[in-house]
Structures are given as C-alpha cells and as structure tokens.
Amino acid sequence: KNEYLDTSPYVDLAQQYQYDHFFELDLPRKFKIAFTNGADNESHATLRDLGFTANRDGTFDVYAAGGLGPHPPRGI
C-alpha cells in the first residue's frame with residue numbers, strides 16, 4: 001500500500017539499455033543506478049550516481065551525482 005507503482009519494467013529497461021550500450025556509455029566500473037517506488041526511499045535512490053524516485057502520479061524524479069560515505073551528498 002505504500003508503493004506508488006511497480007518499478008520492475010523500468011528497472012528492466014534501464015538494465016537492458018545499459019547492457020546494449022555498455023561500450024558507448026563509457027561509465028565508471030561502479031556506476032550505481034537505483035529505483036525506489038515509495039516515500040520511504042529504501043534503496044536510497046537520491047544517494048546513487050543515478051536515482052529514480054517514483055511519484056504518486058506515475059512519474060519519476062531523477063537524481064544524479066549522489067554519493068555514499070560518512071556524509072553522503074544528495075543528488076541534484
């Protein structure tokens with residue numbers, strides 16, 4: 001009941017895109033992408049290299065350049 005939508009199809013599409021364009025994208029070895037589907041943000045999508053947080057209306061807010069560590073910056 002706390003989930004806004006099923007992010008599985010979007011995760012699958014992002015994964016397939018990354019696999020299909022792996023060499024073209026030239027991403028770092030540990031490029032982290034996360035999706036979250038509720039207000040609790042359990043996957044900490046706002047702290048990843050690329051994060052997608054689902055909204056109630058079926059759209060996503062997109063965050064980039066987040067980080068981890070003792071004082072993690074939130075993506076912009």
message = The criterion is ring pair (Phe, Tyr, Trp, His ring centres under 6.0 Å); which residues satisfy it with Y4, sequence neighbours excluded?
response = none
ask   = Between I33, N37, T36, T53, which is the residue that forms a side-chain contact (heavy atoms from CB on, under 4.5 Å) with S43?
value = T36
message = Working to the nearest 0.5 angstrom, can you tell me the gap between E42 CD and E3 CD?
response = 8.5 Å
Side-chain donor-acceptor pair present, N41, T46, cut-off under 3.5 Å = yes
message = Once side chain to side chain contact (heavy atoms under 4.5 Å, CB included) is applied, do any residues pair with L27, and if so which ones, sequence neighbours excluded?
response = Q18, L25, F31
task = Kindly indicate, with the supporting measurements, whether the criterion ring pair (Phe, Tyr, Trp, His ring centres under 6.0 Å) is fulfilled by Y10 and F60.
result = CA-CA 10 Å; Y10 302 99; F60 288 94; 5.0 Å; yes
ask   = Under the side chain to side chain contact (heavy atoms under 4.5 Å, CB included) test, which residues partner Q15, sequence neighbours left out?
value = D12, Y19
query = Within the side chain of N55, is there an N or O that forms a donor-acceptor pair under 3.5 Å with the backbone of D57?
reply = no
query = Say you draw a straight line from CD of E24 to OH of Y17; how long is it, rounded to the nearest 0.5 Å?
reply = 7.0 Å
key: Non-hydrogen atoms of R48 and K32 that approach each other most closely   = CB-O, 3.6 Å
inquiry  = Let me check something: do L5 and F52 share a hydrophobic cluster, defined by ILVMFWY side-chain heavy atoms less than 4.5 Å apart, either directly or through other members?
reply    = yes
